[in-house]
Asks: 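One structure is given below, represented as structure tokens, and several questions about it will come after.
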Amino acid sequence: MNKIAIAVHGGAGPDSEFIRQHQKEYEQGIQEAMDAGYRVLEEGGSALDAVEEAVNYLEDNPLFNAGRGSALNKKAEVEMEASIMNGQDLKSGAVSIVKNVKNPVTLARAIMEKTEHIYIGDMGALEFANQIGLKVMPEAYFITDHAFEQYTKALKEADNTMEGAGQYQVKRKTHGTVGAVALDKEGNVAAATSTGGTENKAPGRIGDSSMIGTGSYANNKTCAVSSTGDGEVLIQHVMAFHVSALIQYKGLGLKEACHYLMHNELKDAEGDMGIIALDTTGTVTMEFNSERMHRGYKTSDGEQFIANYPDKL
Ligand code: ASP
């Protein structure tokens, strides 16, 4: 059997009291998503199926900032985004500013497979989701107590003005995101990313997570990558494709490329950044410059790893 592998992340960013108190639950969420994606690969499913499945788990888990549990924008609304890419043929799908859709990454995949487009946003995306019968939920489903507390805390600490709250959030750089990369039995790689975006973002703001080449990138020739962190910084540095380009054009190995990008090329870039990546040999790597990144991976060589903090790997 060819090697199979999956890696998932649940967001890179600052540490918090809440995260410290719920470390075990975060690890469990990563484990469940990773196992679900791995099962798909074991049963002969494609890398694309596996990343969608893993991300669906994380979207459904209220601890993570994607799907249920998404961060709230300045108007206390949930606006989500997601992307998915198949390394075999570079087919891609993306969605942004979408409300009510339970699993935005599934919508991104449907856009890829059922439309002539790659990227659809806002009401058009919701209409399409309804047309093809994707599961939609009332807004209350997505808003967790924790997300609402974060929102009201930000408002309070910033003199109850929306502008002040925005500034406060920029300083705290609070965010999250979920993502997965996988290698299947056929030797194909895929990547997927999904997020509620940054807290207190402007309505209509689009971050890196839904952008092909920034939030997600997959190419059998090089690697599959999912990014997380401060979206505005990740967009500037075309994060996911940057890794692939270092491999393709400079001949770097996967680990070397990710390490070089994060700790040399972008060492002075201001903002939290995290990437998970794998290639067709089943090599997996994870790099971040933030206080924490919920992450894990599993391969058919028997390797398994889960962590929240930089202590390991
Ligand atoms: N990159 C996401 C965004 O900016 C947030 C995150 O990954 O933490 O929307």
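Along the sequence shown, the residues carry numbers beginning at 1. Order of appearance sets the numbers: ligands from 1, and atoms from 1 within every ligand. Computed from a predicted model, the values in this text were never measured in an experiment.
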Asks: Could you tell me which atoms of ligand 1, counted from 1 in the order shown, lie closer than 4.0 angstrom to a heavy atom of Gly197?
Replies: 9 (O)
Asks: Report the distance from atom OG1 of Thr193 to atom CE of Met211, rounding to the nearest 0.5 Å.
Replies: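 These two atoms lie 12.5 Å from each other.
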Asks: If you count the atoms of ligand 1 from 1 in the order shown, which ones are under 4.0 Å from a heavy atom of Ser209?
Replies: 1 (N), 2 (C)
Asks: For residues Glu59 and Asn56, is any side-chain donor paired with an opposing acceptor at under 3.5 Å?
Replies: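 Present: a donor and an acceptor within the cut-off.
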Asks: Check this for me - ligand 1, Thr195, N or O atoms closer than 3.5 angstrom, yes or no?
Replies: no
Asks: Considering distance alone, does some N or O of Arg205 sit under 3.5 Å from an N or O of ligand 1?
Replies: yes
Asks: Using only heavy-atom distances, determine whether the side chains of Thr106 and Glu52 contain a donor-acceptor pair under 3.5 Å.
Replies: yes
Asks: Go through the side-chain N and O atoms of Tyr309 and Asp15 and say whether any donor and acceptor fall under 3.5 Å apart.
Replies: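 There is such a pair (donor and acceptor under 3.5 Å, judged by atom type) between the side chains of Tyr309 and Asp15.
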Asks: Under 3.5 Å, N or O to N or O, is Gly231 touching ligand 1 that way?
Replies: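 Indeed, backbone or side chain, Gly231 has an N or O that close.
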Asks: As an exercise, identify every atom of ligand 1 less than 4.0 angstrom from a heavy atom of Thr198.
Replies: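 Within the 4.0 Å cut-off of Thr198, ligand 1 contributes 4 (O), 9 (O).
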Asks: Tell me whether Gly229 has any N or O atom under 3.5 angstrom from an N or O of ligand 1.
Replies: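 Right, the criterion is met.
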Asks: Does Gly11 come within less than 4.0 Å of ligand 1, judged by its heavy atoms?
Replies: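 Gly11: no contact with ligand 1 (<4.0 Å).
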Asks: I need the contact type for His9 against ligand 1. Using non-hydrogen atoms and a strict under-4.0 Å cut-off, is it side chain, backbone, both or neither?
Replies: neither
Asks: Considering only heavy atoms of Thr228, which atoms of ligand 1 have at least one such atom less than 4.0 Å away?
Replies: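 Contacts of ligand 1 toward Thr228, numbered from 1: 6 (C), 7 (O), 8 (O).
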Asks: Is it true that Gln304 and Gln31 share a donor-acceptor pair across their side chains at a distance under 3.5 Å?
Replies: yes
Asks: Does Glu186 CD have over 12 foreign heavy atoms under 6.0 Å away?
Replies: no
Asks: Give a yes/no verdict on whether any heavy atom in Glu81 is under 4.0 Å from an atom of ligand 1.
Replies: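 Not so, Glu81 does not reach ligand 1.
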Asks: With backbone taken as N, CA, C and O and side chain as the heavy atoms from C-beta onward, which portion of Asp208 lies under 4.0 Å from ligand 1: side chain, backbone, both, or neither?
Replies: side chain
Asks: Assess, by modelled atom type and distance only, whether the side chains of Asp60 and Asn103 contain a donor and an acceptor separated by less than 3.5 Å.
Replies: yes
Asks: Have a look at Asn308 and tell me which of Lys24, Arg295, His294 forms a side-chain hydrogen bond (donor to acceptor under 3.5 Å, both in side chains) with it.
Replies: His294
